[in-house]
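Data first, discussion second: the structure below is written as structure tokens.
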Amino acid sequence: MSKDQIKEVCAKFDIKGEFISYEVVNSGHINTTYRVYYMRETGLKDYILQKVNTYVFCDPIGVMENISSVTEFVRAKIKQKQATAKRNVLHYAKTLEGKYYVFMDDGSFWRCCRYINDSVCFETTDNVGVVEEAGIAYGEFQLYLADYPVSELNIVIPHFHNTILRFEALRTALKEDAAGRAAEVADLVDGYLALEEQATLPYRLQRQGKLPLRVTHNDTKPSNVLFDSKTLQHLSVIDLDTVMPGLVAFDFGDAIRVIASTGAEDERDLSRVALDMEKYEAFARGFVTTVRDSLTEEEKRTLACGALSMTAECGVRFLTDYLNGDKYFRIHYPDQNLVRAKAHLKLAQDMVKKADEMQKIVEEYCK
Ligand code: GN1
Ligand code: MG
């Protein structure tokens, strides 16, 4: 996108000041993100402008309905306990027509939110204090939304964490072999299929009515939490696109998948990929101690398994996308989805080995 195009999109939003500049924010595998700068009398003010991927989010208006109503709900909750929620929940800008989004003539869909001052986010961190803070942030998000009417949320991606269907999609992709890559990944597929029963457990329990559906974030990676750049305390949870009815085990588990892995999401050297128990424990301490009083006994029992479930599921999704010819996740080099899938299998297998220890840690913090 050129500066003029970005400027044209920005002009649709009701933002005070003069557009100065923008930069590309290179994170996330789905949407395209820019940081844009405005000058006003009080000084420079920045916003996050995003082009929503409408291949993935086919109902982007539904996404924005969820986000605006969830952020309003959280804002009201926070304001009950402190004077301002400015740095603790996202604030989307309205367009001149009073909407939270704009469709441009080319059909692209855009939204814009205030950048939270003096905040940072981390793709990964070795600071266990930050890991624990991330746990608290996602735990609080869950608590703030505990009495949100879950059935009113739009299901923006049906079956998003339906682990059973994710495995089915892998089988289909293998059979169809759209990109001619099936032979190359046979062992990897077998590795995943060996985990299928354990990985689908939380989802199956929910289907049997044994686990409640809550308002969950569903994409709880560390980079979706903002921290204060001076104190490193958590400020706000971001990237609310996939807020939908879900299981608490999904939010716990998906966070562990990224925050407690010793390797990057696409680590090629598998000897570097394992579950870091110190980070696992730090996240569990933050998350579990924040939410435990609101959880059922069955939910508490499934948290640790949620980590295996989300790691296997995400790996299965990467592998499926590789088989389909990289249609879904943005890639930065040709076999990135394959590398991601291999790393996730290694991590999931390590979680199977450490399952008892993981379970004990959760139990300890549930007391
Ligand atoms: C995608 O775009 P991003 O990074 O926020 C994906 C998540 C995956 C994640 C893997 C809508 O999230 O489900 O866990 O990549 N989001 C969607 O890093 O599919
Ligand atoms: Mg996301």
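Order of listing sets the numbers, starting from 1, for every ligand and every atom in it.
- Residues D4 and S2 bring no donor and acceptor atom of their side chains to less than 3.5 Å of each other.
- With sequence neighbours left out, the salt bridge (charged side-chain N to carboxylate O under 4.0 Å, His left out) criterion links D321 to no other residue.
- Note on the Mg ion (ligand 2): protein N/O/S atoms under 2.8 Å are D219 OD2, D239 OD2.
- Looking from atom 4 (O) of ligand 1 to the surrounding protein, the closest heavy atom is K221 NZ, 2.4 Å.
- Cation-pi geometry between K45 and Y47 is met: under 6.0 angstrom from the ring centre, within 45 degrees of the axis.
- Ligand 1 does not have M310 within reach: every non-hydrogen atom of the residue lies 4.0 Å or more from it.
- Under the 6.0 Å distance and 45° angle rule, R181 counts as a cation-pi partner of Y322.
- Between R257 and ligand 1 there is a heavy-atom distance shorter than 4.0 Å.
- What sits closest to atom 16 (N) of ligand 1 on the protein, heavy atoms only, is I30 CG1, 3.8 Å.
- Counting protein heavy atoms only, atom 19 (O) of ligand 1 is closest to Y328 OH, 2.5 Å.
- The proximity of N31 to ligand 1, defined as any non-hydrogen pair under 4.0 Å, does not occur for either the backbone or the side chain.
- Between E364 and R285 there is no salt bridge, since no side-chain nitrogen of the basic residue lies less than 4.0 Å from a carboxylate oxygen of the acidic one.
- For N218, no nitrogen or oxygen atom sits less than 3.5 Å from a nitrogen or oxygen atom of ligand 1, counting backbone and side chain alike.
- With hydrogens and angles disregarded, no donor-acceptor distance shorter than 3.5 Å links the side chain of N154 to the backbone of E65.
- Donor-acceptor pairing under 3.5 Å is recorded for the side chains of Y148 and S69.
- Applying the ring pair (Phe, Tyr, Trp, His ring centres under 6.0 Å) criterion to H161, with sequence neighbours excluded, gives F250.
- A donor and an acceptor atom, one from each side chain of H29 and Q336, are nowhere located under 3.5 Å apart.
- When non-hydrogen atoms are compared, ligand 1 lies under 4.0 Å from the side chain of D219 (C-beta onward) but not from its backbone.
- Nearest-heavy-atom check against atom 15 (O) of ligand 1 across H29, H161, E265, E313 picks out H29.
- Remark: ligand 1 atoms within the under-4.0 Å shell around heavy atoms of D239 are 5 (O).
- Not counting sequence neighbours, the partners of F318 by the ring pair (Phe, Tyr, Trp, His ring centres under 6.0 Å) test are F329, H344.
- In summary, K346 and E267 do not engage in a salt bridge, as defined by a charged side-chain N under 4.0 Å from a carboxylate O.
- Nearest protein neighbour of atom 13 (O) of ligand 1, counting heavy atoms only, is R317 NH1, 2.8 Å.
- In this structure, R340 falls outside the shell of residues with a heavy atom less than 4.0 angstrom from ligand 1.
- No heavy atom of D241 sits closer than 4.0 Å to any atom of ligand 1.
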